[in-house]
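Values below: every heavy atom of this structure, side chains too, minus hydrogens, waters and symmetry copies. Note that ligands are numbered from 1 as they come in the structure, with each ligand's atoms numbered from 1 the same way.
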Amino acid sequence: MGTVRLQKYLAECGIASRRKCEELIANGQVKVNGDIVTEPGTKVDALVDKIEFRDKNIELKPEKKVYIALYKPVGYVTTVNDEKGRSTVMELIKGIHERVVPVGRLDMYTSGLLLLSNDGEFINKITHPSHEMSKTYVVKVKGIPSDKELEKLRNGVRIDDFTTSPAKVEVLLEDKTNNISRLKIEIHEGKNRQVRKMVEAIGYSTITLKRESIDGITLEGLERGKWRFLSEDEVKCLMNC
Ligand code: URA
């Protein structure tokens, strides 16, 4: 492995994303050869240095990298531990030893595709805004937005202190009897509750929200609550897109 930056090494050991590991280091939670190290860029050699996390005296070994696609049901939070005791997506990932973490977020009341991994580089690639991964959502809306309102959504709307980038918006259903519609929205950003806020910005509310895909990865063949490993080709595709 040679020498690597401490945060990269920790991320490769499945502790958390590289950015999160930088914080853990800066917070004094990591020791190298018995001394607390707070400089994230510190170079370590796993074959020579003893690296410990949270005083547990565990010598970390890089794990096999794994990549998972989960069909997240409504009612689960996308954190590893939840302070409020709510169900987390980790409860759905049974039978693997690697310490994967959710790649990005889905709201508790949003269902759909969630990726998990223990590969810090992969997590960074998918979550960093500069990589502009495409994400497609299907949203059931209370009411039927007009063409003009849909055009606003496509061109960008103001949410909080931010204007959304152009989005693809397709009408899948307009049910005048029940006054609901279903829209397919493709965005390349991932602000907190972005799709719900976009719908709100044109004067409507979201009834249900589901993420259908992240770049080429879809929910096809996955039952709600179930997961599968991504294939090598899928991982390569995500890393190179
Ligand atoms: N947009 C939302 O509003 N919620 C999500 O969970 C994802 C995107």
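- The pair K20-E23 meets the salt-bridge criterion, since a charged nitrogen lies less than 4.0 angstrom from a carboxylate oxygen.
- The side-chain tip of K191 points at the ring of F162 from less than 6.0 angstrom away and within 45° of straight on.
- Annotation for ligand 1: atoms under 4.0 Å from non-hydrogen atoms of R193 are 1 (N), 2 (C), 3 (O), 4 (N).
- Heavy atoms of Y137 approach ligand 1 to within less than 4.0 angstrom.
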inquiry  = Go through it in stages, so that I can follow the logic: the residues are K168 and K184, the test is side-chain contact (heavy atoms from CB on, under 4.5 Å), and I'd like the CA-CA distance, side-chain angles, deciding distance and then a yes or no.
reply    = CA-CA 8 Å; K168 278 193 197 151; K184 188 172 179 176; over 6 Å; no

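- In this structure, atom 1 (N) of ligand 1 lies nearest to the protein heavy atom V195 N, 3.1 Å.
- With hydrogens and angles disregarded, no donor-acceptor distance shorter than 3.5 Å links the side chain of N124 to the backbone of R19.
- Among the atoms of L209, none of the N or O lies under 3.5 angstrom from an N or O of ligand 1.
- Considering backbone and side-chain N/O atoms, R105 never comes within less than 3.5 Å of an N/O atom of ligand 1.
- The environment of CZ in R224 is sparse: at most 12 heavy-atom neighbours from other residues, nucleotides or ligands sit within 6.0 Å.
- Considering both main-chain and side-chain atoms, D107 comes within under 3.5 Å of ligand 1 through a nitrogen or oxygen pair.
- An N or O contact shorter than 3.5 Å links T110 to ligand 1 by distance.
- Closest of all the heavy-atom pairs between V199 and V139 is CG2-CG2, 4.2 Å.
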